[in-house]
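In what follows, a single structure is set out as structure tokens and then discussed.
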Amino acid sequence: MPEPGYWLFKSEPSAYSFSDLMSEEDQTAEWDGVRNYQARNFLRDDVKLGDRVLFYHSNAKPIAVVGTATVVREGYPDFTAWDPDSDHPDPKSSPDNPIWFMVDIKGDAELPNPVTLKRIRSTPGLEECSLFKRPRISVHPITKAEWDIILDLAQREEN
DNA sequence: GCCAACGTTGGC
DNA sequence: GCCAACGTTGGC
């Protein structure tokens with residue numbers, strides 16, 4: 001196995017939370033509904049089987065990384081785009097010419113302590129997080145070093 | 001609920 | 001291809 005890649009996926013828990021993922025059969029879900037080209041490119045081209053994912057709650061209390069997951073299926077067309085009854089229809093996308101892509105992830109474990117955005121902001125080594133550079137995309141690449149720091153923070157309560 | 005930042009759309 | 005208007009994200 002090559003070294004996995006590391007990612008941070010954002011979700012609004014009111015729409016889909018980490019506990020929703022853990023409640024799925026086999027803790028596995030389609031990461032559908034991404035409708036941003038940069039994020040789409042990551043999902044289509046760069047997110048690989050076996051890559052590790054930090055699950056981040058945006059617009060939430062707390063705003064924080066709350067769990068980890070693993071990519072169990074690589075990029076494939078997001079068929080919810082051409083379903084007019086889905087939550088994120090896009091009439092420009094079709095089976096013959098898919099615009100949007102998704103992956104499947106499997107939830108691994110809830111973090112012992114959520115790692116809040118505030119804490120991420122104030123922790124040395126996390127200043128360069130993609131989260132801060134492109135604040136509005138829902139899929140962010142992170143480095144192994146950043147992954148390790150965040151998982152380490154999760155072992156200790158925020159003071 | 002506000003609003004800043006940024007992505008997208010569409011007229012020209 | 002420019003750019004103003006508009007929509008969305010997401011922290012506060």
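Chain letters run A, B, ... following the sequence lines, proteins first, then strands; residues in each count from 1. What's counted below: heavy atoms across the whole structure, side chains too, no hydrogens, waters or symmetry copies.
A/Arg44 forms no cation-pi arrangement with A/Phe42, by the criterion of a distance under 6.0 Å to the ring centre and an angle within 45° of the ring axis.
Protein chain A contacts DNA chain C from C/dG7 to C/dC12, reading 5' to 3' and using non-hydrogen atoms of the protein with a distance under 4.0 Å.
Surrounding CD of A/Glu157 are at most 12 heavy atoms belonging to other residues, nucleotides or ligands under 6.0 Å away. More than 12 heavy atoms of other shown residues, nucleotides or ligands fall within 6.0 angstrom of atom CD in A/Gln27.
Contact annotation for A/Tyr56: backbone-only contact, meaning every heavy-atom pair under 4.0 Å involves sugar-phosphate atoms and none involves a base.
Nearest heavy atom pair, residue A/Phe101 against residue A/Leu43, reads O-CD1, 3.4 Å.
Comparing A/Asn59 and A/Arg35 along DNA chain B, the residue whose closest nucleotide (by nearest heavy atom) sits nearer the 5' end is A/Asn59.
Checking A/Ser17 against A/Asp20 by side-chain atom types alone, a donor-acceptor pair falls below 3.5 Å.
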